[in-house]
Amino acid sequence: MRKHISIAEWERVATREVTSGDVTLRVYDHGEGRPGRPPVVLCHGFPELAFSWRHQLFALAEAGYRVLVPDMRGYGGSSRPADVDAYDILSLCGDLAAILYDVGADDAVFVGHDWGANVVWQMALAHPERVRAVAGMSVPVSRRAPAPPLPILRERLGDDFYMVWFQEPGVADEALRRDVRRTLVTKEIYSARWAARTELEEGELTPPPWLDADELAYYVDTFEATGFSGGLNYYRNLDRNWALTEHLAERRVTQPSLFVTGSKDPVAQFMPAKDLDRMLTDRRGTLVIDGAGHWIQQQRPDEVNAALLEFLSEVG
């Protein structure tokens, strides 16, 4: 049964500062970890924070795992470099390697949601020796695109598709920051059309039932302070990531792996999980949680926690 995690409980979790090149990461560090068990690193997506893993951090720690949850580069209490090029995928994987070095671990189980999923899939390819096992949520692993992805996305989905709209520095940054509460609770996919609409629809500022007022306030306060540019810069590296990872094109994820998604996750409309069999050579399962949407680890924590604990029992 889902246990409510109060803001006070979350803020009592120990944190550590991890240096990765010119970046400092704030990493929540909870659980002693039983002997022989690898640490578990949880990586969030956009627009989220380490806080989005609050239900998993406590549940996994109580089950005997050391859990490390960063505010990813560009978010929350971590550094937010101004240079767009600071957010390429190899630098993000370097951040995860830095976390392992900081705690003296040879490897870990990496779990990611949304952009965090993309990072942990790439971590498994780029640094296979550091990844004991890997689980991705919402965003499936995919084979290398035949050409830089942005022109493909623009041709197939148009200039108003959110990943394309995000590309011009400053535009989406200002639009998303204009009304942070609306940005965080909207049920629409971000677009120029969404940003230009001045009349709020009925219930548009109402949070989903799985996010209470205190939790929403935590997100709103943080993003009002930081803005969204750090997270948007991940998208502005899509073509650069494609170029930087050419050397990984023939690799496959050979570590034990798991994919978890919701049956109502809109990501499946433009990123179908068609490459799982090709890319994951030791896939232990694919879980589709009926009725769940995109923010799956917060919306359906009991099912997610159960799936992760079963997976961890097999691999760690």
Side-chain angles (χ1 to χ4, degrees), residues 15-28 41-52 68-99 101-102 112-120 122-123 126-127 139 148-151 153-154 159-184 186 190-192 194-195 218-245:
T15 61
R16 60 196 307 120
E17 290 191 347
V18 174
T19 300
S20 177
D22 295 333
V23 165
T24 299
L25 304 171
R26 178 169 66 185
V27 180
Y28 291 81
V41 182
L42 306 177
C43 302
H44 69 79
F46 177 83
E48 295 178 295
L49 300 164
F51 181 68
S52 67
L68 301 162
V69 191
D71 276 340
M72 301 289 279
R73 144 182 328 223
Y75 290 88
S78 294
S79 298
R80 302 186 300 279
D83 184 2
V84 171
D85 287 352
Y87 296 85
D88 71 84
I89 193 67
L90 297 183
S91 295
L92 298 173
C93 290
D95 291 347
L96 302 188
I99 292 171
Y101 179 80
D102 189 73
H113 172 252
D114 185 81
W115 251 107
N118 188 45
V119 175
V120 300
Q122 291 298 316
M123 182 71 179
H127 301 281
V139 173
L150 274 173
L153 291 171
R154 185 174 280 110
D159 288 338
D160 205 31
F161 180 62
Y162 77 102
M163 292 188 191
V164 179
W165 177 58
F166 283 172
Q167 293 305 307
E168 183 64 31
V171 175
D173 316 54
E174 190 279 329
L176 298 182
R177 195 166 189 170
R178 193 179 305 141
D179 186 339
V180 170
R181 182 187 174 97
R182 179 195 181 211
T183 294
L184 293 174
T186 185
Y190 305 129
S191 67
W194 169 84
Y218 185 93
Y219 279 115
V220 170
D221 290 347
T222 302
F223 281 103
E224 284 183 343
T226 66
F228 295 91
S229 295
L232 292 168
N233 285 337
Y234 286 48
Y235 295 92
R236 293 167 183 154
N237 276 275
L238 288 174
D239 283 356
R240 187 160 176 262
N241 290 345
W242 183 84
L244 289 172
T245 56

Check your understanding: Looking at side-chain heavy atoms only, is the closest gap between Ile99 and Pro70 below 4.5 Å?
Key -> yes

Practice item. For Asp102, check side chain to side chain donor-acceptor pair (under 3.5 Å) against everything at least two apart and list the hits. Key: Arg16

Review point. Are Met72 and Leu49 close enough that some pair of their side-chain heavy atoms sits under 4.5 Å apart?
Key: no

**Study point:** Arg73 side chain to Ser78 backbone, donor-acceptor under 3.5 Å
**Key:** no

Point to revise | Spacing of CD belonging to Gln122 relative to CG belonging to Asp88, to within rounding of 0.5 Å | key: 11.0 Å

Contacts table for residues 221-233: side-chain donor-acceptor under 3.5 angstrom, sequence neighbours left out:
from	atom 1	to	atom 2	distance (Å)
Thr222	OG1	Tyr218	O	2.8
Thr226	OG1	Thr222	O	3.2
Ser229	OG	Asp173	OD2	2.6
Asn233	OD1	Arg236	NH1	3.0
Asn233	ND2	Ser229	O	3.2

Exercise for review: For Thr19, enumerate each residue passing the side chain to side chain donor-acceptor pair (under 3.5 Å) test, keeping only those at least two apart in sequence or located in another chain.
Suggested key: none

**Study point:** Tyr235 ring center near Phe46 ring center (under 6.0 Å)
**Key:** yes

Point to revise | Contact check, side chains of Asn237 and Ile89, non-hydrogen atoms, under 4.5 Å | key: no

Exercise for review: Please name all residues satisfying side chain to side chain contact (heavy atoms under 4.5 Å, CB included) with Val139, sequence neighbours left out, ordered by chain then number.
Suggested key: Ala117, Val267, Met271

Revision key, fill the gap. Heavy-atom closest pair (Ala195 atom, Ala175 atom, distance to 0.1 Å) is CB-CB, 3.7 Å

Point to revise | Gap between atom CG of Leu25 and atom CG of Leu68 - 0.5 Å precision | key: 11.5 Å

Review point. Just by modelled atom types, is the Glu48 backbone N or O under 3.5 Å from a matching donor or acceptor in the Ser52 side chain?
Key: no

Point to revise | Steps toward side chain to side chain contact (heavy atoms under 4.5 Å, CB included) verdict (Val69, Val41) | key: CA-CA 6 Å; Val69 191; Val41 182; over 6 Å; no

Check your understanding: If every non-hydrogen atom of Val18 is compared with every non-hydrogen atom of Ala98, which pair is closest and at what distance?
Key -> CG1-O, 3.6 Å

Practice item. Determine whether more than 12 heavy atoms belonging to other residues, nucleotides or ligands lie under 6.0 Å from atom CD of Glu17. Key: no

Exercise for review: Please list, chain by chain and in numerical order, all residues satisfying side chain to side chain contact (heavy atoms under 4.5 Å, CB included) with Arg154, sequence neighbours excluded.
Suggested key: Asp159, Val164

Practice item. Identify which one of Trp115, Tyr219, Tyr75, Tyr28 satisfies the ring pair (Phe, Tyr, Trp, His ring centres under 6.0 Å) criterion when paired with His44. Key: Tyr75

Review point. Should we count CG of Asp22 as having more than 12 external heavy atoms under 6.0 Å?
Key: no

Check your understanding: Quick one: does His113's side chain get under 4.5 Å of Cys43's, heavy atoms only?
Key -> no

Review point. Closest approach of Val120 and Leu96, non-hydrogen atoms and distance?
Key: CG1-CD1, 4.4 Å

Practice item. Please report the shortest heavy-atom distance between Gly45 and Asp114, naming the atom on each side. Key: CA-OD2, 3.6 Å

Point to revise | Heavy-atom check, side chain of Pro81 versus side chain of Tyr87, under 4.5 Å | key: yes

Exercise for review: Check whether any side-chain heavy atom of Tyr234 lies under 4.5 Å from a side-chain heavy atom of Asn118, and answer yes or no.
Suggested key: no

Revision key, fill the gap. Rounding to 0.5 Å, atoms CZ (Phe166) and OH (Tyr162) come to a distance of 7.0 Å

Practice item. Just jot down the ring pair (Phe, Tyr, Trp, His ring centres under 6.0 Å) partners of Tyr101, sequence neighbours excluded, or say none. Key: none

Check your understanding: Which atom names give the shortest non-hydrogen contact between Asp239 and Leu150, and what distance separates them?
Key -> OD1-N, 2.9 Å

